[in-house]
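Please read the structure below before turning to the comments.
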Amino acid sequence: AMEIIPKSRYPGDPQGQAFSGGVKAGYVVKSINGEDALTADFGKIMDLLDDEVADPRFSKSTALAIEKQGRMAEPAATPITVVYTEIPG
């Protein structure tokens with residue numbers, strides 16, 4: 001996480017939920033549902049989280065991008081458990 005918005009701008013604001021969950025600037029995703037994410041490709045992490053909003057592969061059309069490039073991983077089973085860590089430096 002590079003920047004954390006300290007409050008929700010509106011109810012259900014996805015960008016404001018990280019702060020509420022205790023995520024801090026500088027955190028990286030360590031694992032998703034127990035699967036190592038520290039060395040995973042960014043696209044795979046976004047696919048596991050089923051998050052097309054932050055994934056540059058989906059900047060034009062989600063369906064077109066999936067058809068053309070495919071997924072790197074199937075979405076993780078819910079509820080999703082994400083573990084964060086800080087990388088020194």
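Heavy-atom basis, side chains included; hydrogens, waters and symmetry copies ignored. Residue numbers count from 1 along this sequence.
- In terms of heavy atoms, Val29 sits closest to Leu38 at O-CD2, 3.7 Å.
- Checked by atom type and distance alone, the side chain of Asp50 never pairs as donor or acceptor with a backbone atom of Pro75 at under 3.5 Å.
- Nearest heavy-atom pair, Ala76 versus Asn33, reported as atom, atom and distance to 0.1 Å: CB-ND2, 3.6 Å.
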Derivation and outcome, side-chain contact (heavy atoms from CB on, under 4.5 Å), residues Val83 and Ser31
CA-CA 5 Å; Val83 176; Ser31 66; 3.4 Å; yes
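- One distance of note links CE of Met72 with CE of Met46; it measures 12.0 Å at 0.5 Å rounding.
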Going through the checks in order, is the side-chain contact (heavy atoms from CB on, under 4.5 Å) test met by Tyr27 and Thr85?
CA-CA 5 Å; Tyr27 276 16; Thr85 191; over 6 Å; no
Take Tyr84 and Val23 through the side-chain contact (heavy atoms from CB on, under 4.5 Å) test and state the conclusion after the steps.
CA-CA 8 Å; Tyr84 298 92; Val23 176; 3.6 Å; yes
Ile32 and Thr81: side-chain contact (heavy atoms from CB on, under 4.5 Å), yes or no, with the steps?
CA-CA 6 Å; Ile32 301 168; Thr81 300; over 6 Å; no
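- For Glu35, the side chain to side chain contact (heavy atoms under 4.5 Å, CB included) test picks out Lys44, Leu48, with sequence neighbours left out.
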